[in-house]
Structures are given as C-alpha cells and as structure tokens.
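This report refers to the structure that appears directly beneath it.
Every chain is numbered from 1, with letters handed out A, B, ... down the list of sequences.
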Amino acid sequence: MIVQNDFYINDDPTEVAKNLLGKILYTKIDGIITSGIIVETEAYKGNSDRACHAYQNKKTNRNAVMFEKGGKAYVYLVYGIHYLFNIVTNIKGKADAVLIRALEPVKGENKMLIRNNKNNLRRITSGPGLLSKAMGIDMSLYGESLLGNRVWIEYPSKEFDNNKIVHAKRIGVDYAGADALLPWRFYIKDNIWISKP
DNA sequence: ACACAGATACTCT
DNA sequence: GAGTATCTGTGTC
C-alpha cells in the first residue's frame with residue numbers, strides 16, 4: 001500500500017520523520033525499480049529552524065518546493081557533489097521537510113552497486129548522498145509527487161516497532177547555533193544500515 | 001563577482 | 001580511526 005498525501009500534512013515534521021522509519025522508499029528510474037527500508041531520517045522546520053534552507057520562511061529558487069503542499073520530493077546538491085533526498089511536509093506555505101539519511105536495501109541491490117561503482121553491499125545506502133546515488137535520485141526528481149511513477153513510499157508488510165526509535169542531534173548543522181542541538185534525527189536502534197555506525 | 005555547503009572517499013596512521 | 005581534498009550550484013554581496 002502506498003503512503004498517501006495526508007500522511008505528510010502534519011504541522012510537526014519530527015512526527016513525520018519518526019513515522020517514516022520502517023516505511024519503504026521506491027524509485028523507478030529508466031524502468032528499473034530499486035527500494036529500501038527507511039532506517040534514518042532528520043526533521044527540518046521552515047520558519048523557526050536555523051538549520052533549514054527555508055529558515056524564516058525565506059523562499060529561493062532552490063527551496064521553492066518546500067513551500068508546496070506536503071508529499072513532494074525536494075532534491076538539492078550539496079558540496080557540489082552529492083544529491084540529498086528530502087520529503088516536503090505540512091500544508092502549502094509551511095516550509096517543513098524530512099531528510100532521508102539511510103536505507104536498508106530491499107530491491108535492486110545489483111543496480112545500486114553499479115550506480116555507486118561498488119561491489120560490496122555494505123554502506124551503499126548508509127548516508128544521504130550515497131542512498132541518492134544508489135536509488136538513482138538526482139535533480140530531475142525535484143518537485144516530483146510521491147504518488148507518481150518514479151518515486152513513492154509504501155507501508156511495510158509487518159508493523160514497525162516504535163520502541164526501537166532513537167533520538168539524536170542532527171548531522172552537519174553546527175552552523176545552526178542552538179538549533180543544532182535539537183534531537184531531530186531519528187534512527188532505528190542497532191540497525192547496521194544507519195549512516196553513523 | 002564570490003564564499004561556501006544537511007558529505008564522501010580517499011590517504012595515511 | 002582521524003585528517004584532508006573534493007568541485008559546482010546557489011545565495012548574497
């Protein structure tokens with residue numbers, strides 16, 4: 001079953017970030033399906049969060065899609081090298097998002113290895129830049145609906161155990177002052193696929 | 001025009 | 001495990 005738009009229409013991105021753990025992210029790029037269980041996420045809140053691209057609701061060409069209604073993909077380039085995959089949340093006009101940081105590969109492992117030019121399954125989806133590459137995510141998915149043909153999220157066949165969620169501070173946001181300390185990173189306890197071992 | 005980034009892959013110990 | 005080069009779009013001056 002595919003996750004519908006109302007799942008993303010939530011005023012609290014940390015709730016969406018937690019709820020996304022255990023769900024399965026799919027992409028279909030050039031006719032090839034790859035998928036992985038989401039094991040690590042981070043929440044970003046537009047108006048109040050210094051670590052967010054849309055801090056103080058500042059709209060730019062890059063972050064424009066964050067101001068759309070939840071349920072779209074926000075992709076951007078960081079360090080001139082890596083594409084990071086985010087999910088826009090909340091109602092139109094509220095620029096919140098959840099960053100997907102790590103996956104546990106399920107389908108299309110061979111394709112992921114080829115895309116990342118690796119021959120070992122470990123650590124090909126354990127980090128936001130790596131997983132984008134493994135899943136074939138790039139700027140062409142910017143603004144794409146998560147109900148579309150190329151990227152979507154499904155519920156797992158068996159229920160996910162909420163007791164296994166760990167809260168931690170976000171990564172790479174030291175510039176955000178006090179907001180850098182917010183426990184808005186969430187991951188599945190003891191999962192080997194998270195980005196920091 | 002210019003400084004720098006929601007990270008990774010190297011190269012050494 | 002720790003230190004270091006990476007290399008370009010975007011935002012701001």
Rounded to the Å, how far apart are A:Asp174 CG and B:dA7 C1'? 13 Å

Proximal nucleotide (of C:dG11, B:dT8, C:dC7) relative to the A:Arg62 side chain: C:dG11

Distance-only side-chain donor-acceptor flag, A:Asn57 / A:Asn47, under 3.5 Å: no

What is the distance from OH of A:Tyr44 to P of B:dA5, rounded to the nearest Å? 14 Å

Measure from CZ on A:Arg170 to P on B:dA5 and round the result to the nearest Å. 16 Å

Please report, rounded to the nearest Å, how far the C1' atom of C:dG9 is from the CG atom of A:Asn63. 14 Å

Considering only heavy side-chain atoms of A:Tyr79, the closest of B:dT8, B:dA5, B:dA9 is B:dA5

Going by salt bridge (charged side-chain N to carboxylate O under 4.0 Å, His left out), A:Glu42 matches just one of A:Lys169, A:Arg170, A:Arg101. Which one? A:Arg101

Kindly indicate whether the side chain of A:Tyr76, heavy atoms from C-beta on, has any atom under 4.5 Å from the side chain of A:Leu84. yes

Look at all strands and tell whether A:Lys118 reaches a base, only sugar-phosphate, or nothing, counting heavy atoms closer than 4.0 Å. sugar-phosphate

Tell me: OH of A:Tyr83 to P of C:dT8, nearest whole Å? 10 Å

Taking the nucleotide of DNA chain C with the nearest heavy atom to each, does A:Met139 or A:His82 sit closer to the 5' end? A:His82

Using heavy atoms to find the nearest nucleotide of DNA chain B for A:Ile171 and A:Lys133 separately, return the residue whose nucleotide is more 5′. A:Ile171

Length of the CG-C1' vector between A:Leu84 and C:dT10, whole Å: 14 Å

How close do A:Arg185 and A:Ser195 get, heavy atom to heavy atom, and via which atoms? NH1-OG, 4.4 Å

Check whether any side-chain N or O of A:Thr60 sits under 4.0 Å from OP1 or OP2 of C:dG11, and answer yes or no. yes

Taking any heavy-atom pair under 4.0 Å as a contact, classify A:Gly80: base, sugar-phosphate, or nothing. base

Parallel, tilted or perpendicular: ring planes of A:Phe186 versus A:His167, cut at 30 and 60 degrees: perpendicular

Would you classify A:Lys58 as touching base, sugar-phosphate or nothing, given that sugar-phosphate means primed atoms plus P, OP1 and OP2, and contacts are heavy atoms under 4.0 Å? sugar-phosphate

Atom-to-atom span, OH of A:Tyr76 to P of B:dA7 - whole angstrom: 7 Å

C:dT10 P sits how many Å from A:Tyr55 OH, rounded? 23 Å

Partner lookup for B:dC12, please. Criteria are Watson-Crick or G-U wobble with both distances under 3.5 angstrom; report none if nothing qualifies. C:dG1

Applying a 4.0 Å non-hydrogen cut-off, can you work out what A:Leu77 is touching in the nucleic acid: base, sugar-phosphate, or nothing? sugar-phosphate

Using a 4.0 Å heavy-atom cut-off, does A:Ile81 contact any base of the nucleic acid, only the sugar-phosphate backbone, or nothing at all? base

